[in-house]
Visitor: 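Sharing a structure with you now.
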There are 2 protein chains.
Amino acid sequence: MVVKTALRFGLIIIALLILFQLSNASLFIPDIPADAVIGLTAVVLIALGIYLGGNIKKPKVIEVKPTLVKDEEKIKSLRISARELEVLQLISDGLSNQEIGEKLFISESTIKTHVSNLFVKLDVKRRTQAVIRAKEWRIIV
Amino acid sequence: MVVKTALRFGLIIIALLILFQLSNASLFIPDIPADAVIGLTAVVLIALGIYLGGNIKKPKVIEVKPTLVKDEEKIKSLRISARELEVLQLISDGLSNQEIGEKLFISESTIKTHVSNLFVKLDVKRRTQAVIRAKEWRIIV
DNA sequence: ATTGCAGTCATACTTAAGTACTAAATTCTT
DNA sequence: AAGAATTTAGTACTTAAGTATGACTGCAAT
């Protein structure tokens with residue numbers, strides 16, 4: 001890395017020296033218009049600046065969250081129903097069976113049915129595992 | 001945005017014209033050495049290039065995953081012990097109290113003690129909530 | 001029409017989770 | 001060394017979670 005930087009700067013210095021020489025020489029050669037040489041030099045120098053700027057400036061670092069998209073195919077393949085998915089999401093939100101029932105206006109015993117069916121489909125034994133599995137398989141966000 | 005860009009380029013053109021004029025003039029004024037003017041011009045042009053490069057070039061973007069670092073300060077402030085933290089992590093991994101006990105070679109009743117103490121410190125009622133809260137507060141990864 | 005799925009609910013049960021203490025041994029800390 | 005915090009473990013209990021099974025309804029496809 002250090003060698004690369006040194007090499008780069010060496011090349012830049014050589015390029016600059018050549019330009020200066022050319023610039024000086026042109027003043028005494030009438031065949032080439034001085035303006036053209038100056039213009040060319042300007043363009044080369046600006047290009048050099050742009051090149052240097054790209055390397056000197058530290059890159060912008062932005063944090064990106066992994067794309068949180070549900071895998072609808074997986075949900076279908078596991079034959080998880082819409083209601084079951086709702087319950088699964090609420091389990092993941094930390095709600096108890098009773099709270100889920102209240103939120104969905106259905107009895108706790110129905111929630112238990114959904115939960116049991118979910119565990120079979122997700123191949124887990126506990127709700128904490130269900131949450132992990134469901135996120136692994138991108139069934140819930 | 002368009003106006004801003006137009007203005008910027010206008011200024012750049014004016015700056016260039018001034019430089020060209022200066023450059024031409026200096027050739028006939030012996031008081032100022034031609035090399036100095038050329039050198040100054042070079043510096044200005046390179047600076048201009050760097051400035052332009054910063055605006056024209058699309059920024060280098062490095063994508064990084066959100067930093068998953070435990071907040072040790074938070075752990076201390078909540079007075080969560082090392083053992084409790086271990087238990088918390090294993091809860092988050094989906095293990096039952098019994099499984100956690102087996103993994104740590106201690107009785108399930110001890111796990112229950114740790115769990116209860118954790119719930120008070122995390123201000124939650126259930127282990128599913130504990131996992132959510134612990135991740136919110138970056139107590140576990 | 002009947003077949004099947006989704007959703008609902010209930011009962012009865014077992015197991016796990018969680019609470020509320022008490023208490024002892026161990027390990028830091030001062 | 002003394003005190004504080006941690007870790008361990010127990011008992012006794014309450015509550016929540018989870019299982020198994022059966023039953024009823026509505027709805028859509030065959």
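Lettering follows sequence order; numbering is per chain, from 1. Computed over heavy atoms, backbone and side chain alike; hydrogens, waters and symmetry mates excluded.
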Visitor: What is the distance from CD of A:Glu102 to C1' of C:dT8, rounded to the nearest Å?
Guide: 17 Å
Visitor: Round to a whole Å and report the spacing from NZ of A:Lys121 to C1' of D:dT19.
Guide: 16 Å
Visitor: Is a side-chain donor or acceptor of B:Asp93 paired with a backbone partner of B:Leu95 at a separation under 3.5 angstrom?
Guide: no
Visitor: C:dA16, OP1 or OP2 - any side-chain N/O from B:Ser96 closer than 4.0 Å?
Guide: no
Visitor: Hey, is the main chain of B:Val141 close enough, under 3.5 Å, to the side chain of B:Lys70 for a donor-acceptor pair?
Guide: no
Visitor: Could you tell me whether the phosphate oxygens of C:dC9, OP1 or OP2, come under 4.0 Å of any side-chain nitrogen or oxygen in A:Ser107?
Guide: yes
Visitor: Check whether any side-chain N or O of B:His114 sits under 4.0 Å from OP1 or OP2 of D:dT6, and answer yes or no.
Guide: no
Visitor: Closest to the A:Lys112 side chain: D:dT19, C:dT11, D:dT7?
Guide: D:dT19
Visitor: Any side-chain N or O of A:Thr113 less than 4.0 Å from the OP1 or OP2 oxygen of C:dC9?
Guide: no
Visitor: With a 3.5 Å cut-off and heavy atoms only, can you find an N or O donor on one side and an acceptor on the other between the side chain of A:Ser116 and the base of D:dG18?
Guide: no
Visitor: For B:Arg79 and for B:Arg83, find the nucleotide of DNA chain D with the closest heavy atom, then tell me which residue's nucleotide is more 5'.
Guide: B:Arg79
Visitor: Tell me which nucleotide among C:dA6, D:dA9, D:dT19 gets nearest to the side chain of A:Ser81.
Guide: C:dA6
Visitor: Does A:Arg126 put a side-chain nitrogen or oxygen below 4.0 Å from OP1 or OP2 of C:dA16?
Guide: no
Visitor: How close or far is atom P of D:dT19 from atom CZ of A:Arg127, stated in whole angstroms?
Guide: 11 Å
Visitor: For the pair made of CG in A:Leu78 and P in C:dA6, what is the distance, rounded to whole Å?
Guide: 13 Å
Visitor: So which nucleotide from C:dG18, C:dC9, D:dA9 ends up closest to the side chain of B:Thr110?
Guide: D:dA9
Visitor: Can you identify which nucleotide, out of C:dG18, D:dT19, D:dA5, has its nearest atom closest to the B:Phe119 side chain?
Guide: C:dG18
Visitor: Does a donor on one side chain and an acceptor on the other come within less than 3.5 Å for A:Thr110 and A:Ser107?
Guide: yes
Visitor: Rounding to an integer number of Å, can you tell me how far B:Lys125 NZ sits from C:dA20 C1'?
Guide: 14 Å
Visitor: B:Glu108 CD to C:dA16 C1': how many Å, rounded?
Guide: 8 Å
Visitor: Check whether A:Glu136 reaches the backbone of A:Arg133 with its side chain - one donor and one acceptor, N or O, closer than 3.5 Å.
Guide: no
Visitor: What's the closest nucleotide to the side chain of B:Val115 if the choices are C:dT8, C:dG18, D:dG18?
Guide: C:dG18
Visitor: To the nearest Å, how far apart are A:Asn117 CG and C:dT8 C1'?
Guide: 12 Å
Visitor: So which nucleotide from C:dT11, D:dT7, D:dT19 ends up closest to the side chain of A:Ser109?
Guide: C:dT11
Visitor: Main chain of B:Glu86, side chain of B:Gln89: is a donor-acceptor contact present, judged purely on distance under 3.5 Å?
Guide: no
Visitor: Given atom CD1 of B:Ile91 and atom C1' of C:dA17, what is their separation to the nearest angstrom?
Guide: 10 Å
Visitor: Would you indicate whether the side-chain heavy atoms of B:Ile140 and B:Ile91 approach each other to under 4.5 Å?
Guide: no
